[in-house]
Engineer: 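Sending over a structure as structure tokens; questions will come in a sec.
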Number of protein chains: 4
Amino acid sequence: MVRVVKEYDERRTEILETAERLFLEHGYDETPVELIIKEIGIAKGTFYHYFRSKNELLDAIVDILIDEVTTTIKKLTEEKEGDAIVKMFRVSSYFRTLAIGKERLTDYIHEERNAHIHFKIEKKVTPPLVDCYIKLIEQGIEEGIFNVKYPEETALALVGAAEGLSEGHHEHANREKIDQRKIVAALDIYGRILGVREGLMTEYMMKMEGY
Amino acid sequence: MVRVVKEYDERRTEILETAERLFLEHGYDETPVELIIKEIGIAKGTFYHYFRSKNELLDAIVDILIDEVTTTIKKLTEEKEGDAIVKMFRVSSYFRTLAIGKERLTDYIHEERNAHIHFKIEKKVTPPLVDCYIKLIEQGIEEGIFNVKYPEETALALVGAAEGLSEGHHEHANREKIDQRKIVAALDIYGRILGVREGLMTEYMMKMEGY
Amino acid sequence: MVRVVKEYDERRTEILETAERLFLEHGYDETPVELIIKEIGIAKGTFYHYFRSKNELLDAIVDILIDEVTTTIKKLTEEKEGDAIVKMFRVSSYFRTLAIGKERLTDYIHEERNAHIHFKIEKKVTPPLVDCYIKLIEQGIEEGIFNVKYPEETALALVGAAEGLSEGHHEHANREKIDQRKIVAALDIYGRILGVREGLMTEYMMKMEGY
Amino acid sequence: MVRVVKEYDERRTEILETAERLFLEHGYDETPVELIIKEIGIAKGTFYHYFRSKNELLDAIVDILIDEVTTTIKKLTEEKEGDAIVKMFRVSSYFRTLAIGKERLTDYIHEERNAHIHFKIEKKVTPPLVDCYIKLIEQGIEEGIFNVKYPEETALALVGAAEGLSEGHHEHANREKIDQRKIVAALDIYGRILGVREGLMTEYMMKMEGY
DNA sequence: CATGAATGAGCCTTCATTCAT
DNA sequence: AATGAATGAAGGCTCATTCAT
């Protein structure tokens, strides 16, 4: 057997990335450690040299993702430039980018076999996300573009509504065509929740690039 | 080694109910068939006499629950008496009753180990629920109490927002006190999404019993 | 694969006996469950159908042996016929029979790799054995053939001395020749410990058959 | 990743002492090499630089202990001053000191998980111990204080009896109170085995310090 | 309708040891 | 003399499912 020696961090990252991919492909329970090590070309013992258990590996993967997401949305929220709506667009845009970057993470995540991971992520991502929205809502109120009575609940509802709307997407086959209409509808609803002047959300959308 | 003979349906129901309880208690994967049969006091073979596989059993459990829910909310939606808001209150009320009846089903369901079941139920309950909401929204529009542009998306957003708000509940410790405020806030937000005259939702709430 | 069905007790005994043999041959740690099941011709699952773990199997084996031994020596002690010395000879004789019957159990047991089992057995056999000796010593005192001040300690010392003497045996190569001398010496020593008239033990030995 | 360089013997001793402690604490099989090196703060390779295998390490530990014991009891036996009984007391006293010095070695050693070590030590310590006793018995015969027919067997029995009596100790809870009686009883029995005038052993005990 | 012994693939994990650096 | 990444055989155990009775 050829013995390939790598530095600790490099190998660790290799395992993390390979496992993330395989977990998303086949699901956590359906991915034996055996498969992970064969894919990389290392021995069983090597795997356990880096992670005490398969579950600890999952936790590490999830934690990395959570950290990444939390850090980014916090940064986007606390940026100086941009009003509340612009920032919301940016946060929302980031999530879409993430979904694409993670090779259709969202698609995979919505499969039953990944319920485990889905759950773990959602549970940890939602709180910081709600925090960001609360801050953005408060900013929007100060700026006079939002009219909200209950910031916290509004944030919760907003996140929930967004999820509900995106889940709806997953059902339809010909997404392309519908998308345009969906987006306009979604913006209308977000606008209502935030007490924004009618049509304002759409105007922002038109102005913004990459949305 | 006592051989207890029961009628087909009785035994089947016994298995279904025992399994539902155990799945919720320990999670699906962590509940061996062994445990189910010991709890009931039947043999392995008997189990497989009624269900081809453990997974089919889960499907059966979920389907029963789904059927129950779907039928009820359809009935509540299609009832002659009551305007759109009243019916929405009824549907929402039904879900709360359900949660209590299933012995804090929702609490259990929000534990990580039940992600599997949670997922299956949510995936199947959401579409009919959205359908009901679409119909109620259309009714409300006709009645002139709702002002909604995109009924389908609004329904999706409404269901999502409701879930988001109720999930938020699960975090807080002293639920009792907060509840009142939460409800008022939620109604405010639902009212916005549905384009209802401000304060109208709260007025309905005051009039209705058991809400 | 041919599926051979046996009754619970029969199969259980089969596993117990096979495992006992293999444990003594190769040692507990060096006997994989795999080997046991291959020897019998059953599947892994079958093994775990009868014993929750490999260790539980060992406990069962040891317990059976202990029970057998304890019951027998109690019976020999409480028999009506025979004075204290005769009974001691019988007990001692039983142990020798046992050793032979168990296919040189004692030899195996004195190998390092069986330290585990040896320990477990010794720890459990000694107390009832000491109890028996205490009773026999008291009987002998009543019969006026023993002269003992401290029955309990004498019992402990007797068991220890016997073990010490028999351990000594295991060192020597040409056992046959030495045996006669060893026995006479041992009897002399036992006689001293028990405060028996000099030569009396040897007289008993001559009279007894099969010793 | 600090590289601490030590002299060969110092490091070797460090490993030996750490391993001895860990083996007694957790048992040989339950102490991975990993634990030993982490405790010391060295790398895997370093360990194998000093010992070819884990088992060789155990042998080294046991050998050191054996050597120490063997040398000491030989010295005590061959000393000019003191008659046979006095010397026996000294040997016995040394064993007790040893037990205390090794931080309740005997307690640990009587736990099942240490059967392995117990066995190895006993097997190697007994022969030289018996040799010493043989010599002491011969000395006692010459001095006219012992009356023994079979020196070798008597030695074996004596060692066995001593062990039997001390094992008995391990059972009782309130050792303190019983000890005095136990010692007197033990001396009575040793006296019988050695053919010593009644009461002589106790007289020696009274005269000796620290016993 | 019921029993429960039997199956066996497959899983996670451990750990003594090797070897390139 | 020291490091620590890499090895891989081996082991105990789980559990959904089958099938003879």
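In the text below, chain A, chain B and the rest are named by the order of the sequence lines, each starting its count at 1. Because the structure is predicted, anything quoted here is derived from the model rather than measured.
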Engineer: In terms of side-chain heavy atoms of C/Pro32, which of F/dC15, F/dG12, E/dC11 is nearest?
Structural biologist: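 That would be F/dG12.
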Engineer: Out of E/dA2, F/dT3, E/dT13, which nucleotide sits closest to the side chain of D/Ile42?
Structural biologist: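 Looking only at side-chain atoms, D/Ile42 lies closest to F/dT3.
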Engineer: Whether C/Tyr8 contacts E/dA5 is assessed here as follows: a side-chain N or O lying under 4.0 Å from the phosphate OP1 or OP2. Is that the case?
Structural biologist: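 False: C/Tyr8 side-chain N/O out of range (4.0 Å or more) of E/dA5 OP1/OP2.
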Engineer: Taking 4.0 angstrom as the limit, do C/Lys44 and C/Glu34 come out as a salt bridge?
Structural biologist: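 Counted as a salt bridge, because a side-chain N and a carboxylate O are separated by less than 4.0 Å.
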Engineer: Using 4.0 Å as the upper bound for N to carboxylate O, is an ion pair formed by A/Arg21 and A/Glu39?
Structural biologist: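 Salt bridge: yes.
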Engineer: Rounded to whole angstroms, how far apart are CG on B/Asn55 and P on F/dC15?
Structural biologist: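 So the CG-P distance, B/Asn55 to F/dC15, works out to 16 Å.
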Engineer: Is there a side-chain polar atom (N or O) of B/Thr46 under 4.0 Å from OP1 or OP2 of E/dT3?
Structural biologist: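 For B/Thr46, the contact criterion (side-chain N or O under 4.0 Å from OP1 or OP2 of E/dT3) is met.
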Engineer: C/Glu56 side chain to C/Arg52 main-chain N or O, any donor-acceptor pair under 3.5 Å?
Structural biologist: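 Checked: pair present.
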Engineer: With respect to the phosphate group of E/dA2, does any side-chain polar atom (N or O) of B/Arg11 fall under 4.0 Å of OP1 or OP2?
Structural biologist: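 Checking E/dA2 against B/Arg11, a side-chain N or O does come within under 4.0 Å of OP1 or OP2.
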Engineer: Just checking B/Tyr50: base, sugar-phosphate only, or nothing, at a heavy-atom cut-off of under 4.0 Å?
Structural biologist: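 Sugar-phosphate, no base atom in range.
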Engineer: Nearest whole Å is fine: how far is F/dG12 C1' from C/Ile36 CD1?
Structural biologist: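 It works out to 11 Å between those atoms.
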Engineer: Dot-bracket for DNA chain F, 5' to 3', with Watson-Crick and G-U pairs under 3.5 Å, [ ] for crossing pairs and | for other-strand pairs: what is it?
Structural biologist: .||||||||||||||||||||
Engineer: Calculate the interatomic distance between A/Ile15 atom CD1 and F/dA6 atom C1'; express it in whole Å.
Structural biologist: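 Checked: the CD1 to C1' distance equals 11 Å.
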Engineer: Does a nitrogen or oxygen in the side chain of A/Tyr48 sit under 4.0 Å from OP1 or OP2 of E/dT13?
Structural biologist: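 Yes, such a contact exists.
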Engineer: Quick check: closest heavy atoms across C/Leu16 and C/Ala60, and the distance to 0.1 Å?
Structural biologist: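 Shortest heavy-atom contact: CD2-CB, 3.9 Å.
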Engineer: Toward the 5' end of DNA chain E, which comes first, B/Glu7 or C/Gly45, by nearest nucleotide?
Structural biologist: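 Its nearest nucleotide being more 5', the pick is B/Glu7.
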Engineer: Would you classify C/Phe51 as touching base, sugar-phosphate or nothing, given that sugar-phosphate means primed atoms plus P, OP1 and OP2, and contacts are heavy atoms under 4.0 Å?
Structural biologist: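 Nothing: the residue C/Phe51, judged by heavy atoms under 4.0 Å, touches no strand.
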Engineer: Measure distances between side-chain N and O atoms of A/Arg3 and base N and O atoms of E/dT18, and say whether any donor-acceptor pair falls under 3.5 Å.
Structural biologist: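 Check passes, donor-acceptor contact within cut-off.
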Engineer: For B/Tyr28 and C/Lys54, find the nucleotide of DNA chain F closest to each by heavy atoms; which residue's nucleotide sits nearer the 5' end?
Structural biologist: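 Result of the comparison: C/Lys54.
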Engineer: What's the NE2-P distance between B/His26 and F/dT14, to the nearest Å?
Structural biologist: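 Spelled out: NE2 on B/His26 to P on F/dT14 is 16 Å.
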Engineer: Choosing from F/dA2, E/dA6, E/dC12, which nucleotide comes nearest the side chain of D/Lys6?
Structural biologist: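 Taking heavy atoms from C-beta onward, the closest nucleotide is F/dA2.
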Engineer: Identify which nucleotide among E/dC11, F/dA6, F/dT18 has an atom closest to any side-chain atom of A/Val5, counting heavy atoms from C-beta outward.
Structural biologist: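 The listed nucleotide nearest to A/Val5's side chain is F/dA6.
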Engineer: At less than 4.0 Å, is any side-chain N or O atom of C/His49 found next to OP1 or OP2 of E/dA5? Yes or no.
Structural biologist: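 Result: yes.
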Engineer: Return the value, rounded to whole Å, for the distance between atom CD1 of D/Ile37 and atom P of F/dT3.
Structural biologist: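 It is 9 Å, rounded to the nearest whole Å.
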Engineer: Of the options E/dA6, E/dT17, F/dT17, whose atoms approach the side-chain atoms of B/Ser53 most closely?
Structural biologist: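 Among the listed nucleotides, the one closest to the side chain of B/Ser53 is F/dT17.
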Engineer: Are side-chain heavy atoms of A/Asp59 and A/Lys120 found at a separation under 4.5 Å?
Structural biologist: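 Yes, close enough: below the 4.5 Å cut-off.
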Engineer: Whole angstrom is fine here: how far is it from CD1 in D/Ile40 over to C1' in F/dA1?
Structural biologist: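 The distance from CD1 of D/Ile40 to C1' of F/dA1 comes to 15 Å, rounded to the nearest Å.
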Engineer: For C/Phe47, report the nucleic acid contact type (base, sugar-phosphate, nothing); a contact means any heavy atom under 4.0 Å.
Structural biologist: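 No contact.
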Engineer: Rounded off to whole Å, could you give me the CG-to-P distance for the D/Asp29 and F/dA10 pair?
Structural biologist: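 Going from CG in D/Asp29 over to P in F/dA10 covers 17 Å.
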Engineer: Tell me whether the side-chain N or O atoms of B/Lys44 pair up with the base of F/dT17 as donor and acceptor below 3.5 Å, since no angle test is needed here.
Structural biologist: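 A donor-acceptor contact between them is present.
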Engineer: Kindly assign one of parallel, tilted or perpendicular to the pair B/Tyr8 and B/Tyr50, based on the angle between their ring planes and the thresholds 30° and 60°.
Structural biologist: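 Because their plane-to-plane angle lies in the 30° to 60° range, the rings of B/Tyr8 and B/Tyr50 count as tilted.
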Engineer: Please determine, for the side chain of C/Ala43, which listed nucleotide (F/dA6, E/dG8, E/dA16) has the closest atom?
Structural biologist: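 Ranking F/dA6, E/dG8, E/dA16 by closest atom to the C/Ala43 side chain puts E/dG8 first.
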Engineer: Please check this pair: side chain of A/Thr46 against backbone of A/Ile42, looking for a donor-acceptor N/O pair closer than 3.5 Å.
Structural biologist: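 No, A/Thr46 side chain to A/Ile42 backbone: no donor-acceptor pair under 3.5 Å.
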Engineer: Determine yes or no for a side-chain-to-main-chain donor-acceptor pair under 3.5 angstrom, with A/Glu10 supplying the side chain and A/Lys6 the backbone.
Structural biologist: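 Such a contact is absent between A/Glu10 side chain and A/Lys6 backbone.
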Engineer: Rounded to whole Å, how long is the line connecting atom CD of B/Glu34 with atom P of E/dT7?
Structural biologist: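 Computing the B/Glu34:CD to E/dT7:P distance gives 16 Å.
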Engineer: Check whether NZ of the Lys or CZ of the Arg D/Lys54 lies under 6.0 Å from the centre of the six-membered ring of D/Tyr28 and within 45 degrees of that ring's axis.
Structural biologist: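 Yes, D/Lys54 sits over the ring of D/Tyr28.
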